Number of protein chains: 2
Amino acid sequence: MSVTMKDIAQELGVSIVTVSKVLRNHEDIGEETRKRVLKRVRELNYHPNLAARALVTGKSYTAGLIVPDLVHPFFAEVATGISRILRQKSYSLLISSSQEDPELEKQEIARLLSRRLDALLIASTQCTTAGFRPIVDQHIPFILLDRSFPDLRTNFVGIDDVKVGKIATTHLFSVGCRRIAHIRGVAVSTAIGRLEGYSQALTQHRLPTRHGYVVTGRSADSDSWSSGFQAMNQLLRLDPVPDGVFCYNDPIAIGAIDAILAAGLRVPQDIAVIGCGNLHFDKSLRVPLSSIDQQSVTIGERAAKLLLAIIKPKTPPRPRRVLIEPSVVVRDSTRRPG
Amino acid sequence: MSVTMKDIAQELGVSIVTVSKVLRNHEDIGEETRKRVLKRVRELNYHPNLAARALVTGKSYTAGLIVPDLVHPFFAEVATGISRILRQKSYSLLISSSQEDPELEKQEIARLLSRRLDALLIASTQCTTAGFRPIVDQHIPFILLDRSFPDLRTNFVGIDDVKVGKIATTHLFSVGCRRIAHIRGVAVSTAIGRLEGYSQALTQHRLPTRHGYVVTGRSADSDSWSSGFQAMNQLLRLDPVPDGVFCYNDPIAIGAIDAILAAGLRVPQDIAVIGCGNLHFDKSLRVPLSSIDQQSVTIGERAAKLLLAIIKPKTPPRPRRVLIEPSVVVRDSTRRPG
DNA sequence: CACGCTATAGTTAACGCTTAAGTAAACGTG
DNA sequence: CACGTTTACTTAAGCGTTAACTATAGCGTG
């Protein structure tokens with residue numbers, strides 16, 4: 001079918017091994033032989049069969065990535081960051097989406113495991129850590145992204161979610177909000193961390209914890225908008241009505257803003273809103289949305305670097321936690337006289 | 001290292017081939033032996049090494065996808081569609097981003113080729129077809145997505161761009177616009193097709209072709225917003241000013257709307273705007289944006305199905321062109337008394 | 001009861017590459 | 001000039017599978 005080392009070796013009257021060595025820049029090859037081989041390799045546009053190489057070396061030069069949803073810009077950006085770093089080291093990336101379905105995620109883990117990838121990167125939708133057992137059992141290095149599990153000692157790269165909640169809430173405080181509500185996410189680590197940060201900030205600024213001021217966006221990410229819309233309507237029925245809302249993510253925040261506007265109130269004059277994620281269209285929204293930037297590309301890049309680091313050594317080093325710093329991006333939805 | 005067929009065979013006192021046959025549901029295996037093997041396979045959580053299998057069968061059960069930009073929702077959705085179909089047939093997807101860089105795209109093609117993938121899917125940023133030569137030479141089935149090349153007879157799946165331009169322009173006409181401008185994209189097939197459709201619609205509705213009414217968004221997709229903003233400013237300096245604008249894509253349209261609003265005009269009362277892509281946040285924009293839906297997920301699904309079809313036969317069937325039907329999604333930016 | 005048939009296995013050789021070990025020739029050294 | 005050393009290669013073995021044969025037993029059949 002396609003050209004092999006054997007073909008090249010026979011044509012040139014050398015052994016297969018000689019060709020192999022030339023291609024891997026092995027030292028003990030004569031200058032002239034090396035040139036002859038390289039010349040023929042170029043002429044035939046030969047590329048070694050990586051499946052064969054993987055079989056004997058045990059390294060596939062491929063990493064696997066499982067995300068809940070490729071369309072979500074956060075994960076798309078993380079993937080882009082990973083891809084950029086891995087490309088430099090000639091690694092490829094097998095991407096698979098779990099569609100926010102824990103069962104599907106487990107299947108994908110199994111599938112990727114049987115490909116003997118060098119490492120796995122997972123932004124998990126699992127609730128428990130049981131699904132990671134097969135990975136641990138097979139001694140495949142892996143890194144969790146974005147969402148972490150307290151009871152699982154493994155590599156993790158993500159944003160410092162407590163800090164996210166803290167700086168978002170503090171920002172609302174600094175623009176004059178005193179009745180700050182929170183539309184939280186479902187019970188994953190990111191939601192818990194941001195809630196924790198929100199609470200810490202309230203305490204720090206000596207604001208009371210009001211009853212009903214924390215509501216949960218009920219549904220999964222795919223339906224964040226309506227989730228935010230409904231949650232905000234719940235908040236609008238409270239007395240006193242909040243004057244600032246920190247939302248778990250941007251789609252929820254957009255839904256919340258739409259609910260506020262639908263109720264005849266103004267953003268940010270009556271209620272200021274801040275989201276999280278800093279989606280790149282935030283500035284073109286009906287009310288340009290203030291947000292917490294999650295440095296998604298950076299998360300991807302750091303994850304990829306960590307991956308390369310843990311692949312190298314024979315015995316994997318002990319798990320590392322990489323926390324990225326969030327930052328506030330101020331737009332109209334919180335821009336009002338302090 | 002990890003469990004192999006050999007281990008299982010030895011433990012059970014059968015030959016490796018027997019194990020292999022059981023796993024591939026080969027018929028000539030006794031009921032009892034089959035059960036014994038399957039039992040042990042499950043106990044050990046054994047999964048065959050796909051690299052080894054790929055080496056001998058020549059099929060990697062992996063497809064490659066190259067897109068200009070993973071973060072762009074269109075490509076993310078296409079990838080999701082592809083992924084969904086391929087998953088059902090136990091195929092994996094190696095995704096790689098060319099970052100809108102033709103040179104990088106060529107490198108990625110080379111990289112994917114050396115992995116002996118079963119097929120390639122490419123949404124290309126190339127200007128010429130030269131970059132596809134290596135793929136053709138190696139007889140790897142491949143499918144172009146979204147952007148096509150008139151001088152290359154190959155498989156293609158994408159939207160009917162002429163129709164896109166036609167129905168967008170016709171929609172503007174139907175809401176009362178009589179001076180319809182077009183902010184076109186750079187010289188790829190999609191831009192050309194949409195322009196063609198725009199022209200056809202003008203003719204059909206007996207509208208004059210006005211000088212300067214077609215301007216080009218200069219830059220690449222990554223900077224579409226400012227591109228649309230500037231292009232719209234150009235249109236605003238014309239006399240007469242357009243009363244409707246069909247934009248090559250949604251980010252450009254968002255930029256255009258921002259420019260119109262910045263000039264103190266209203267959307268859609270003074271100028272109606274329609275984009276293309278139907279990004280899922282369109283409804284939450286400052287002015288909710290009418291758009292042409294490109295059925296991106298469907299494009300991905302159809303592409304994946306085509307892929308599975310052309311992989312099967314020994315000799316590849318002749319190239320097919322699959323054109324998806326676009327449709328108008330009406331929102332505020334064109335909602336005005338006809 | 002020898003025959004071929006069927007069901008159920010096993011044997012052998014490859015897939016394309018890498019790794020380790022081996023070797024022949026040329027070279028330097030005391 | 002016998003000895004080790006270096007250079008430049010070759011040979012052999014094997015990575016974990018599968019494809020294509022081959023082998024054996026049990027069985028009905030004419």
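First the proteins, then the strands, lettered A, B, ... as listed; each starts at 1. Because the structure is predicted, anything quoted here is derived from the model rather than measured.
- Considering only side-chain atoms of B/Ala52, the nucleotide from D/dT18, D/dG16, D/dC9 that sits closest is D/dG16.
- The separation between A/Met5 atom CE and C/dC15 atom P is 15 Å, rounded to whole Å.
- Put simply, NZ on A/Lys21 is 9 Å from P on D/dT10, counting in whole angstrom units.
- The separation between B/Leu12 atom CG and C/dA9 atom P is 11 Å, rounded to whole Å.
- Of the N and O atoms on the side chains of B/Ser83 and B/Thr80, not one donor lies less than 3.5 Å from an acceptor on the other residue.
- Taking atom CD1 on A/Ile29 and atom P on D/dT7, their separation rounds to 13 Å, with Å as the unit.
- Relative to the side chain of B/Leu55, the nucleotides D/dG16, C/dA9, D/dT10 differ in distance, and D/dG16 lies closest.
- Atom NE2 of A/His26 and atom P of C/dA21 are 13 Å apart (whole Å).
- The nucleotide whose nearest atom lies closest to any side-chain atom of A/Val56 is, among C/dC17, D/dT10, D/dT17, C/dC17.
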key: A/Thr298 vs A/Arg302, side-chain hydrogen bond (donor to acceptor under 3.5 Å, both in side chains): CA-CA, chis, key distance, verdict   = CA-CA 6 Å; A/Thr298 306; A/Arg302 292 296 296 275; over 6 Å; no

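- If A/Val17 and A/Glu31 are placed on DNA chain D by their nearest nucleotide, the residue sitting closer to the 5' end is A/Glu31.
- Rounded to whole angstrom, the span from the CG atom of B/Asp28 across to the P atom of C/dT8 amounts to 8 Å.
- Using modelled atom types, one side-chain atom of A/Thr62 and one backbone atom of A/Ser60 make a donor-acceptor pair closer than 3.5 Å.
- Of the residues near DNA chain C, B/Glu32 and A/Thr4, the one whose nearest nucleotide (by heavy atom distance) lies more toward the 5' end is B/Glu32.
- Within 4.0 Å of A/Thr57, counting heavy atoms only, lie sugar-phosphate atoms of the nucleic acid but no base atom.
- Rounded to whole Å, atom P of D/dC9 lies 13 Å from atom CD of A/Glu27.
- Close to C/dG10, at under 4.0 Å from its OP1 or OP2, lies a side-chain N or O of B/Thr18.
- Side-chain atoms of A/Ser189 come within 3.5 Å of backbone atoms of A/Ser148 as a donor-acceptor pair (strictly under, hydrogens ignored).
- For C/dT18, one of the phosphate oxygens OP1 or OP2 lies less than 4.0 angstrom from a side-chain nitrogen or oxygen of A/Ser20.
- A donor-acceptor distance shorter than 3.5 angstrom exists from the side chain of A/Asp7 to the backbone of A/Thr4, with no hydrogens or angles considered.
- Here C/dC17 is the nucleotide among D/dG16, C/dC17, D/dC9 with the atom lying nearest to any side-chain atom of A/Tyr46.
- With rounding to whole Å, B/Arg24 atom CZ is found 8 Å from D/dA19 atom C1'.
- Base engagement by B/Ser15 is indicated by at least one non-hydrogen atom pair under 4.0 Å involving a base atom.
- Nearest nucleotide to the side chain of B/Ile16, out of C/dA20, D/dT18, C/dG10: D/dT18.
- Side-chain N/O atoms of B/Thr33 include one lying less than 4.0 angstrom from OP1 or OP2 on C/dA9.
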